[in-house]
Amino acid sequence: MSLSVLHCASAGFESACRIPALPASHRSHGLHGHSYFATVRTALPGGWSAFPGGEVEALRARMADAVAPLDHALLNDHLTEPTDENLARWVRERMAVPGIVQVGVQSTTHSGVDLDNAGHAHVWRRYRFQAAHQLPNVPAGHQCGRMHGHGFEVILHANADLGELDLSIDYDHLDEV
């Protein structure tokens, strides 16, 4: 088994956008805003930063510089179709960092896109729910034999790639699944 060290950094930005590829009736077709969160994971070569141990801070500074033009901006001024996937590609192009393994962009706390090192998009959406149950086959008096509840979280991933399309997977399609 081969071990590798990944250095990670992230930066947030506030932006507005409209997604023209969506139907006019879709809530994200019109002007709307998000608090975005971009993340990069890299396998940096030795000596990349000014001093050993300075990799994360140097990487964080690069990420902040990469997303700075997007902060408090209209994303459509930078991208024709400012989907999370296209934003991740835009950020990746501007990072100028060796060994990028993954670049991710979240437009909400429950949805985002991660690009792998080949540039393939992994669209994801987080779902949380509460449910109750009881376990009938536990020993008498066991606390799980009574009706009780739990909080659950499911993160649904869809491997997708824009290819020649303006929009790969809309988060609403994941909701339907």
Side-chain angles (χ1 to χ4, degrees), residues 1-15 17-22 26 28-29 34-50 52-71 73 75-127 153-177:
M1 178 165 86
S2 172
L3 296 177
S4 62
V5 173
L6 296 181
H7 293 90
C8 305
S10 57
F13 57 98
E14 305 286 330
S15 300
C17 69
R18 44 178 84 77
I19 312 293
L22 292 170
H26 193 282
S28 294
H29 178 83
H34 289 284
S35 295
Y36 290 90
F37 192 69
T39 304
V40 64
R41 292 172 182 85
T42 64
L44 294 171
W48 179 78
S49 65
E55 294 87 358
V56 172
E57 182 54 32
L59 191 58
R60 189 209 57 76
R62 289 270 179 105
M63 176 59 84
D65 289 345
V67 301
L70 305 177
D71 198 27
L75 296 179
N76 298 79
D77 291 343
H78 300 275
L79 296 107
T80 305
E81 294 289 341
T83 62
D84 289 357
E85 181 176 346
N86 286 331
L87 279 169
R89 293 184 191 290
W90 190 93
V91 169
R92 183 186 191 117
E93 288 174 13
R94 281 149 188 83
M95 283 298 297
V97 172
I100 292 179
V101 173
Q102 187 180 54
V103 173
V105 169
Q106 287 180 247
S107 54
T108 70
T109 57
H110 60 273
S111 58
V113 171
D114 293 320
L115 295 178
D116 63 22
N117 57 355
H120 190 80
H122 304 268
V123 180
W124 60 269
R125 186 107 156 159
R126 175 180 291 124
Y127 301 90
E153 177 176 280
V154 173
I155 301 175
L156 183 62
H157 287 257
N159 291 336
D161 198 65
L162 283 175
E164 299 299 316
L165 304 172
D166 287 328
L167 183 67
S168 58
I169 293 179
D170 178 14
Y171 294 120
D172 289 347
H173 291 121
L174 294 180
D175 291 345
E176 291 170 12
V177 172

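Along the sequence shown, residues are numbered consecutively beginning with 1. Given the structure is predicted, the values throughout are model-derived calculations rather than measurements.
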Can you name the nearest heavy-atom pair linking [X] to [Y], along with the distance?
X	Y	value
A21	E81	N-OE1, 3.0 Å
V67	A38	CG1-CB, 4.1 Å
A9	M63	O-CE, 4.2 Å
S10	R60	O-CG, 4.1 Å
H7	E55	CD2-CB, 3.5 Å
L115	G119	CD2-O, 3.7 Å

Are the side chain of [X] and the backbone of [Y] linked by a donor-acceptor contact shorter than 3.5 Å?
X	Y	answer
R92	N117	yes
H29	L22	yes
D116	Q102	no
H78	P69	yes
E85	A121	no
H26	S28	yes
R18	N76	no
R62	A58	no
D84	V113	no
S15	L70	yes

Is there a side-chain contact between [X] and [Y] in this structure, where contact means two heavy atoms from C-beta onward sitting under 4.5 Å apart?
X	Y	answer
C17	Y36	yes
P98	L44	yes
L75	L87	yes

Exercise for the section: Decide side-chain contact (heavy atoms from CB on, under 4.5 Å) for T109 and F37; before the verdict, give the C-alpha distance in whole Å, the side-chain angles of both, and the deciding distance to 0.1 Å. Expected result: CA-CA 9 Å; T109 57; F37 192 69; over 6 Å; no
Next item on the list: Evaluate the criterion side-chain contact (heavy atoms from CB on, under 4.5 Å) for residue pair L59 and T42; output intermediate values, then yes/no.
Entry: CA-CA 9 Å; L59 191 58; T42 64; 3.6 Å; yes
Under the criterion side-chain contact (heavy atoms from CB on, under 4.5 Å), I'd like the reasoning laid out for D71 against E14: C-alpha separation, chi angles, the key distance, then a yes or no. CA-CA 5 Å; D71 198 27; E14 305 286 330; 3.9 Å; yes
Rounding to 0.5 Å, atoms CG (L156) and OG (S111) come to a distance of 12.0 Å
Value for CD (E57) from OG (S49), rounded to nearest 0.5 Å, stands at 10.5 Å
- Go through the steps to decide whether E93 and R89 satisfy the test salt bridge (charged side-chain N to carboxylate O under 4.0 Å, His left out), and finish with yes or no. CA-CA 6 Å; E93 288 174 13; R89 293 184 191 290; over 6 Å; no
